[in-house]
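Reading through the structure tokens given below for one structure.
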Amino acid sequence: MELDLLGNLQRTHSCGELDLSAAGKDVVVMGWVNRRRDHGNLIFLDLRDRSGIVQIVLDKELCPLAHAKAESVRPEYVVAIQGKVRRRDAASVNPNMATGQIEVNVGELKILNDARTPPFSPAEDAIGNEELRLKYRYIDLRRPAMQRNVILRHKIALAIRENLARQGFLEIETPYMTRSTPEGARDYLVPSRVHPGEFYALPQSPQLFKQILMISGLDRYFQIARCFRDEDLRADRQPEFTQIDLEMTFPQQETVFRVVESFVAAAFHAAGIALPTPFPQITYDESVRRFGSDKPDMRLPELVDIHAVFSSSDLETLMVDPSLPVIAVRVPKVGELSRKERDENRPLFDARKGAKLIDDLKRLEKAFPEAVAKVRELAGAAPEDLLVIVAGDATTRIEASDTKIAGRLTEREIAIYSSAGSLRIELAKKYAARHGAFSITERAVQNAGGDENGNLVQGSEAFFPIWVTDFPMFEHDAETGQWMPSHHPFTSPHEEDMDRLVSDPSSVRARYYDLAMNGLELGSGSIRIYRKDVQTKIFQSLGMSDEEAKERFGFFLEALEYGTPPHGGIALGLDRIVMILAGAQSLREVIAFPKTARAVDLMVDAPSLVSETQLKELQLQRRRS
RNA sequence: GGGGACGUAGCUCAGUUGGUUAGAGCGCUGCCCUGUCACGGCAGAGGUCGCGGGUUCGAGCCCCGUCGUCCCCGCCA
């Protein structure tokens with residue numbers, strides 16, 4: 001194939017920007033051939049670049065040379081077109097195309113590069129095989145849907161940067177090669193050649209650096225930072241991901257909230273959606289009670305406490321533990337389920353936590369007609385709504401703390417609530433087509449960018465951000481019998497709970513908060529400890545010796561002693577924000593070069609073995625076995 | 001670490017109870033076609049049924065193992 005030289009030809013327009021206003025103009029456009037329609041003496045090319053697609057016309061009579069060349073053109077060839085923009089006849093206008101009012105009449109066609117037949121076509125809408133998409137990511141990224149996501153991500157990041165800068169935050173970079181941080185995930189390690197046997201760690205987050213920046217007096221810091229965690233993946237979890245990380249001095253919790261609400265609203269605005277602020281707030285305990293989760297999806301009905309409906313003898317008959325919550329889960333508009341359907345739904349219920357599912361309300365109604373009527377009333381259930389009951393199983397005792405302290409939820413109660421909460425989500429997902437609660441969000445995303453009058457889509461119907469506050473400070477580890485920090489150990493407890501740190505750790509609330517939206521955790525943060533004496537107390541209550549604390553975070557403890565201001569902050573997942581606004585079901589759709597569920601990059605084939613020489617230089621050796 | 005789904009032509013998939021030469025649509029190649037825009041018409045090429053082993057007269061189909069992709073639990077802010 002004879003290729004043409006570019007010469008000094010300059011592109012004058014992008015494909016998508018051409019419209020009626022360009023009619024009559026001489027233009028030069030360049031791009032990829034999306035499709036070719038060959039009518040013999042008349043050939044149409046759809047030329048694609050980032051901005052869109054425009055139709056190119058080659059008439060044998062008008063441009064015999066270019067027409068002859070176009071016969072050999074195939075999809076994904078890279079071509080340059082010199083021609084004249086022409087208004088289409090009324091009959092040949094294509095209303096489905098942004099540039100459908102015009103077309104480019106060719107003077108000269110240059111074939112700049114040919115292309116092998118791609119394994120899949122960027123011109124197709126429905127693309128299946130994800131393995132192939134990841135291997136040939138450069139082709140996948142040619143698809144307009146993927147380019148939309150990449151562009152959306154750019155716009156969101158830009159809006160957030162601008163917003164935070166306006167709020168007085170400085171963008172400051174922190175090292176990627178650092179030492180293991182105290183967070184709980186596994187580190188990605190980088191061996192040091194200069195210090196044989198020693199390793200850097202890639203940061204799980206810039207946590208300690210940003211706190212140090214506050215100690216340094218930089219007042220307000222932010223960074224759109226890459227974070228690395230060597231843990232198993234999910235649809236919403238990649239081993240490297242991007243956080244909008246920020247920290248500020250002298251904040252109240254509410255100060256952080258206002259800052260975040262402002263930039264999240266700015267991000268949504270950039271995506272064409274108006275998100276009302278401030279966001280509502282809920283305590284952790286209340287969130288667990290009402291939604292069975294610390295990341296509530298408020299598009300669905302809340303859990304309903306129906307314990308009072310049943311007498312203690314009723315509960316005994318039902319073999320339900322009377323000391324645990326009895327909860328109704330409602331899923332709207334599901335309709336009546338057959339025995340077979342109910343059986344199929346049982347795997348959605350997680351009984352391991354000592355919870356019991358009562359899914360046959362009809363049968364229950366025969367034994368307890370009044371109680372069931374009351375349950376329906378309390379749940380506000382319409383006749384076509386699905387209603388099931390989750391309660392504690394009296395026949396199985398789960399291993400968990402049962403002590404009720406300071407009015408907070410016990411571990412066993414949390415187990416029942418979360419069992420009901422996950423069933424709530426699973427059933428809602430399964431019957432999404434019937435109740436439509438999720439499709440409202442999908443529609444909002446599709447219409448984002450505004451209506452014909454340029455008004456933004458109202459996000460209040462489709463997006464439900466919520467602050468979850470007052471998380472417990474500690475979790476009980478059943479295996480070790482130890483109290484573990486629920487978060488990193490620099491999270492400040494509530495000042496009024498401070499005196500119970502040692503005597504009654506489970507009742508201590510952390511000044512820790514999450515931002516959740518539509519069942520997804522967008523991010524979390526806390527007000528930090530800034531006093532050495534408090535920090536020491538926390539380590540004590542964790543059973544950590546002074547030596548151990550010094551060994552793990554000596555540099556940081558020392559920094560605390562040199563005039564540390566009260567400070568706090570948060571980190572939000574940029575990938576997840578973009579995922580929501582792109583209407584994507586997986587982070588892979590909004591990351592240009594993502595990894596598979598087994599943390600492999602299929603395009604570059606990473607990770608890979610390295611040479612013996614490299615290993616030697618690092619003084620590393622593969623272990624046999 | 002555990003559970004589940006999937007793997008058949010370049011792609012998306014069908015393939016009956018284990019039975020002759022494994023099919024369709026799209027794509028691809030060639031020819032024809034001056035208003036298409038998922039163009040159309042005619043003809044054609046294209047298969048290690050993921051891989052390895054087993055059962056059987058006979059395996060795409062059954063069994064065991066293994067690899068890969070996806071989803072979930074554990075793990076992880």
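The chains referred to below are lettered A, B, ... by the order of the sequence lines, with proteins before strands, and numbering in each begins at 1.
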Roughly how many Å is it from OH in A:Y77 to C1' in B:C28, rounded to a whole number? 12 Å
Pick the C1' atom in B:G2 and in B:G47, then give their distance to the nearest Å. 36 Å
Of the listed B:G35, B:C71, B:U69, the closest approach to the A:R598 side chain comes from B:U69
For A:E103, answer base if it contacts any base atom (sugar-phosphate contacts may also be present), sugar-phosphate if it contacts only those atoms, and nothing otherwise; contact means non-hydrogen atoms under 4.0 Å. base
Which is it for A:F209 and A:Y221 under the ring-ring contact (aromatic ring centres under 6.0 Å, His included) test, yes or no, and what are the steps along the way? CA-CA 10 Å; A:F209 287 104; A:Y221 141 94; 9.8 Å; no
Does A:E426 or A:D294 map to a spot on RNA chain B nearer the 5' end, using the closest nucleotide for each? A:E426
Which nucleotide in B:G74, B:U36, B:C76 has an atom nearest any side-chain atom of A:R88: B:U36
Scanning both residues in full, the closest heavy-atom pair of A:G107 with A:A66 reads O-CB, 4.3 Å
Measure from CG on A:D514 to C1' on B:C76 and round the result to the nearest Å. 13 Å
P atoms of B:G74 and B:A14, separation to the nearest Å: 32 Å
Mind checking if A:D230 touches a base, just sugar-phosphate, or nothing, with heavy atoms under 4.0 Å? nothing
Side chain proximity check, A:V331 to A:L300, heavy atoms < 4.5 angstrom: no
Would you please say whether a donor-acceptor pair under 3.5 Å links the side chains of A:Q223 and A:T174? yes
All N/O pairs under 3.5 Å across the protein-nucleotides 4-10 of chain B interface:
{"from": "B:G10", "atom 1": "O2'", "to": "A:P119", "atom 2": "O", "distance (Å)": "3.4"}

Which heavy atom of A:S418 sits nearest to which heavy atom of A:A415, and what is that distance? OG-O, 3.1 Å
Under 4.0 Å, counting only non-hydrogen atoms across every strand here, what does A:Q243 touch: a base, just sugar-phosphate, or nothing? sugar-phosphate
Of B:C75, B:G35, B:C71, the nucleotide closest to the side chain of A:Q55 is B:G35
From the options B:G1, B:C71, B:G35, select the nucleotide whose nearest atom is closest to the side chain of A:D232. B:G1
Which nucleotide wins on minimum distance to the side chain of A:N129, given the candidates B:G74, B:C37, B:U12? B:U12
Could you work out the separation of B:C71 and B:G52 based on their P atoms and round it to a whole Å? 28 Å
Please report the distance, rounded to the nearest Å, between CZ in A:R346 and C1' in B:G3. 18 Å
In Å, rounded to the nearest 0.5 Å, how long is the span from CD of A:Q446 to CD of A:E442? 7.0 Å
Does the side chain of A:D514 come under 3.5 Å of the side chain of A:Y284 through a donor N or O and an acceptor N or O? no
A:K60 NZ to B:U34 P, straight-line distance once rounded to whole Å: 9 Å
With rounding to whole Å, what would you report as the distance between B:G30 and B:A22 at their C1' atoms? 26 Å
In whole angstroms, the gap separating C1' of B:G68 from CZ of A:R133 amounts to 17 Å
Contact class for A:R588 (heavy atom, under 4.0 Å): base, sugar-phosphate, or nothing? sugar-phosphate
Going from CZ on A:R35 to CD on A:E76, what distance comes out if it is rounded to the nearest 0.5 angstrom? 10.5 Å
For B:U34, the Watson-Crick or wobble counterpart (both distances under 3.5 Å): none
Using whole Å, what does the distance between atom P of nucleotide B:G68 and atom CG of A:D601 come to? 15 Å
Side-chain donor/acceptor of A:R36 to base of B:G40, under 3.5 Å: no
Closest to the A:A597 side chain: B:C71, B:C37, B:C75? B:C71
Rounded C1' spacing from B:G65 to B:U55 in Å: 15 Å
I want to verify a distance call: between B:U69, B:C71, B:C76, whose nearest atom is closest to the A:E130 side chain? B:U69
For a quick check under 3.5 Å, do A:S51 and A:D49 share a side-chain donor-acceptor pair by atom type? yes
Using the P atoms only, state how far B:C11 lies from B:U56, rounded to an integer number of Å. 35 Å
Separation between the P atoms of B:C73 and B:G54, rounded to whole Å: 40 Å
Taking the six-membered ring for Trp, is the centroid-to-centroid distance between A:F263 and A:F222 below 6.0 Å? no
Quantified in whole Å, what is the P atom distance between nucleotide B:G60 and nucleotide B:U20? 10 Å
Can A:H39 be said to stack with the base of B:U36, given centres closer than 5.5 angstrom and planes under 30 degrees apart? no
Applying a 4.0 Å non-hydrogen cut-off, can you work out what A:R74 is touching in the nucleic acid: base, sugar-phosphate, or nothing? sugar-phosphate
Indicate, with a heavy-atom threshold strictly under 4.0 Å, whether A:T596 touches base, sugar-phosphate, or nothing. sugar-phosphate
Once you apply a heavy-atom cut-off of 4.0 Å, does A:R35 come out as touching a base, just sugar-phosphate, or nothing? sugar-phosphate
With respect to the side chain of A:R37, which nucleotide from B:C71, B:G27, B:U36 is positioned closest? B:U36
Taking the side chain as every heavy atom from C-beta outward, state whether A:T99 and A:E17 have any pair of such atoms under 4.5 Å apart. no
Base, sugar-phosphate, or nothing for A:E131, non-hydrogen atoms under 4.0 angstrom? sugar-phosphate
Strictly by Watson-Crick or wobble contacts shorter than 3.5 Å, is anything paired with B:G65, and which nucleotide is it? B:C51
Closest nucleotide of RNA chain B for A:R237 versus for A:K429: which of these residues is on the 5' side? A:K429
Hey, does the side chain of A:N41 come within less than 4.0 Å of B:U34's phosphate (OP1/OP2), counting only N and O? yes
A:F44 CZ - B:C37 P separation (whole Å): 9 Å
Select base, sugar-phosphate, or nothing to describe what A:D38 touches, counting heavy atoms under 4.0 Å on all strands. base
Pair assignment for B:A14, Watson-Crick or G-U wobble, requiring both distances under 3.5 Å: none
For A:E124 and B:C37, what is the distance between atoms CD and C1' respectively, to the nearest whole Å? 14 Å
Tell me what A:R48 touches on the nucleic acid: a base, only sugar-phosphate, or nothing, going by heavy atoms under 4.0 Å. nothing
